[in-house]
Amino acid sequence: MQSLFDTGPYAPCPAPFNLADHVLYQRATNFPAASNASALSVLSPPSAPKPASSTGRPTAMSQDWTYGAVRAAVRGIGAGLLEHGLKPGDRVLLRLANTPIFPIAYLAAMAVGLIPVPSSSQLTEPEVARILDELSPAAVLRDPGIASAPHPHEIDRDSLETMQRSVPSEDRFQMQLCDPNRPAYIVYTSGTGGNPRAVVHAHRAIWARQMMIRHWYDLHPRDRLFHAGAFNWTFTLGTGLMDPWSIGATALIPEKGTAIAALPELLHEYGASLFAAAPGVYRKLLQSGQPLDLPALRHGLCAGEKLSRTLAEAWRSATGTQLYEAFGMSECSTFISADPARPRDPARASDTLGWPQPGRRVAILDPSGAPTPRNTSGTIAVDRRDPGLMLGYYNAPAATNARMQDDWFLTGDLGEMTDDGQIRYLGRNDDMMNAGGYRISPVEVEKILLAHQDIEQIAVASVEVKPDTHIIVAFYTGAKDVTAETLSTFAKSRLARYKQPRAYLRLDALPTGANGKLLRRALPDCYIRHQRTPS
């Protein structure tokens with residue numbers, strides 16, 4: 001039997017179409033949300049100064065947005081952006097903080113035909129400058145507290161907030177309903193060559209997420225989905241906001257600065273029925289070893305790195321609920337997932353990622369591009385006609401074509417398909433690292449650190465420092481006695497925090513093979529041996 005999963009094509013995306021229209025008005029679904037229905041609650045931790053409850057215990061509080069308020073804010077900002085001289089097809093870089101203005105500006109831009117580029121608030125000025133050079137955006141939407149680079153057309157947060165309070169007339173705001181295959185937004189992902197890639201997605205990408213909503217989340221309009229991430233993280237934008245809003249559910253997001261330790265009380269007090277987070281958040285919630293009182297929770301969702309059996313079992317023991325993981329990437333979001341409607345043997349659950357979602361066409365390919373036999377390793381591939389697949393890398397047709405083989409998009413990840421159609425993950429076929437749900441190219445980090453004048457050679461790798469916990473470690477040689485502290489300071493000014501090594505190790509020489517090439521896979525052992533050696 002071949003490693004090929006195909007249930008036939010999913011219902012095609014309707015035309016004309018607009019991603020923001022689909023999210024805010026659900027015109028193509030059966031669950032339109034009333035204007036007074038709850039769309040979003042931004043939750044403040046109980047430790048913040050608030051009125052005491054009748055028991056004398058501080059209570060959590062929330063900033064609430066109805067669907068009507070979100071729609072009005074989107075209309076206001078959309079009209080305001082056009083009045084700033086922007087026109088459909090223009091790219092707009094978002095350098096905004098972790099507040100509701102981020103997703104509202106994101107939707108507003110797409111509503112009027114602009115192409116938003118969401119970006120992490122952790123990016124440094126040099127990293128932003130590279131994005132500006134590549135994309136030449138028509139404007140930068142910026143919170144003054146977020147690092148950026150000079151741009152002639154900057155729209156600040158105060159201006160955006162003024163726009164969102166306005167009430168535009170029909171002639172000032174019109175939803176741009178057009179071809180679902182036109183560009184909608186651009187996100188960045190690290191490339192194996194060390195240069196982050198700009199991934200262009202079509203408006204139809206949101207249509208494909210219905211497969212995730214049904215076969216990963218099991219999400220319904222009555223649900224209250226709590227996402228632990230920040231507004232300006234793409235995982236939060238999609239799973240935490242766009243998807244629940246697409247069916248009229250309620251999104252719950254913790255206020256900026258909320259400690260992970262405060263999340264269980266917020267989950268309990270606000271009756272979260274679903275919880276989404278990276279595996280690292282679940283690990284931290286379980287550190288106390290105590291049961292978690294989450295009576296409304298049906299299950300948890302996780303993505304970004306492989307879910308371990310230890311973590312899955314610990315969460316089930318502490319909460320009585322299951323964790324369901326998903327596999328995807330910036331180029332195609334998630335298309336393989338555990339499905340709450342398809343029970344799995346708990347002993348085997350962490351052995352596989354789950355199933356390709358119904359409506360997808362997924363295969364495990366051998367080097368010739370043919371599906372492998374079941375239980376045989378190969379490259380995980382998704383049909384290049386998948387509605388959730390990117391349009392391509394921005395201005396990089398060669399890089400886009402390099403990922404395509406006949407009818408398939410090659411993910412760069414290795415796996416095998418079991419007899420019952422599940423996908424077992426076997427790792428990357430390159431050296432990409434994972435940090436807190438972000439995929440990071442070691443070459444990108446190395447290129448930045450090698451610019452330090454005292455470095456001769458440098459290599460970075462992901463190291464498992466304890467079960468289920470990985471950190472990025474930099475290994476270096478140099479003619480001068482450069483310290484780890486010096487390199488750490490150097491990295492902070494040039495790399496987003498999630499890309500920065502957490503440890504530095506000076507070596508007499510980097511490990512190499514007979515041909516003189518770096519043996520990157522030997523690096524973690526160097527670090528482990530160093531940690532075990534008495535100082």
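Heads up: numbering here begins at 1 and tracks the sequence.
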Is a side-chain donor or acceptor of [X] paired with a backbone partner of [Y] at a separation under 3.5 angstrom?
X	Y	result
Arg506	Thr483	no
Thr236	Ala230	yes
Arg384	Leu410	no
Ser120	Gln122	yes
Thr319	Trp315	yes
Thr489	Glu485	yes
His299	Thr321	no
Tyr476	Leu487	no
Ser119	Leu94	yes
Glu325	Leu307	yes

Spacing of [X] atom [atom1] and [Y] atom [atom2] [to the nearest 0.5 Å]:
X	Y	atom1	atom2	answer
Arg157	Leu96	CZ	CG	8.0 Å
Arg142	Glu154	CZ	CD	5.0 Å
Ser159	Leu81	OG	CG	10.5 Å
Thr379	Leu414	OG1	CG	5.5 Å
Leu449	Gln457	CG	CD	14.0 Å
Asp454	Thr486	CG	OG1	8.0 Å

Looking just at side-chain N and O atoms, do [X] and [Y] make a donor-acceptor pair shorter than 3.5 Å?
X	Y	answer
Ser488	Gln500	no
Ser246	Asp243	no
Arg209	Ser333	yes
Thr239	Tyr217	yes

Inset, instruction - Could you give me the CA-CA distance, side-chain angles and deciding distance for Leu266 and Phe226, then say whether side chain to side chain contact (heavy atoms under 4.5 Å, CB included) is met? - result: CA-CA 9 Å; Leu266 292 176; Phe226 189 120; 3.8 Å; yes
Legend entry - Set of ring pair (Phe, Tyr, Trp, His ring centres under 6.0 Å) partners for Phe102, sequence neighbours left out: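 Phe102 satisfies ring pair (Phe, Tyr, Trp, His ring centres under 6.0 Å) with no residue once adjacent residues are dropped.
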Inset, instruction - Name all residues meeting the ring pair (Phe, Tyr, Trp, His ring centres under 6.0 Å) criterion together with His201; count only those two or more places apart in sequence or in a different chain, and write none if there are none. - result: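 For His201, the residues satisfying ring pair (Phe, Tyr, Trp, His ring centres under 6.0 Å) (neighbours in sequence not counted) are Tyr185.
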Legend entry - Distance-minimising heavy-atom pair for Ile364 and Ser377: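 What the structure gives for the nearest pair is CG2-C, 4.1 Å.
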Inset, instruction - Over all heavy atoms of both residues, which pair between Pro183 and Ile115 is shortest? Give the atoms and the distance, please. - result: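 Scanning both residues, the minimum pair turns out to be CB-CD1, 3.8 Å.
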Inset, instruction - Specify whether His530 and Tyr527 have parallel, tilted or perpendicular ring planes, treating 30° as the upper limit for parallel and 60° as the lower limit for perpendicular. - result: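 Rings of His530 and Tyr527: tilted, as their planes differ by 30° to 60°.
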Legend entry - Aromatic plane relationship, Phe327 with Phe335 - under 30° parallel, 30 to 60° tilted, over 60° perpendicular: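 Rings of Phe335 and Phe327: perpendicular, as their planes differ by over 60°.
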Inset, instruction - Could you walk me through whether Val281 and Phe275 pass side chain to side chain contact (heavy atoms under 4.5 Å, CB included), step by step? - result: CA-CA 11 Å; Val281 172; Phe275 179 44; 4.3 Å; yes
With sequence neighbours left out, write down each residue that passes salt bridge (Lys or Arg N to Asp or Glu O under 4.0 Å) with [X], or none if nothing qualifies.
X	result
Asp90	Lys87
Arg91	none
Arg182	none

Name every donor-acceptor pair, under 3.5 Å, that has one atom in a side chain of residues 123-131 and the other anywhere in the protein, sequence neighbours excluded.
unit_1 : atom_1 : unit_2 : atom_2 : d
Thr124 : OG1    : Glu127 : OE1    : 3.1
Thr124 : OG1    : Arg494 : O      : 3.1
Glu127 : OE1    : Thr124 : N      : 2.8
Glu127 : OE1    : Ala496 : N      : 2.9
Glu127 : OE2    : Ala496 : N      : 3.2
Glu127 : OE2    : Lys499 : NZ     : 3.0

Legend entry - Among Thr334, Leu301, Leu219, the one residue meeting side chain to side chain contact (heavy atoms under 4.5 Å, CB included) with Met212: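 Result: among Thr334, Leu301, Leu219, Thr334 is the only option passing the side chain to side chain contact (heavy atoms under 4.5 Å, CB included) with Met212.
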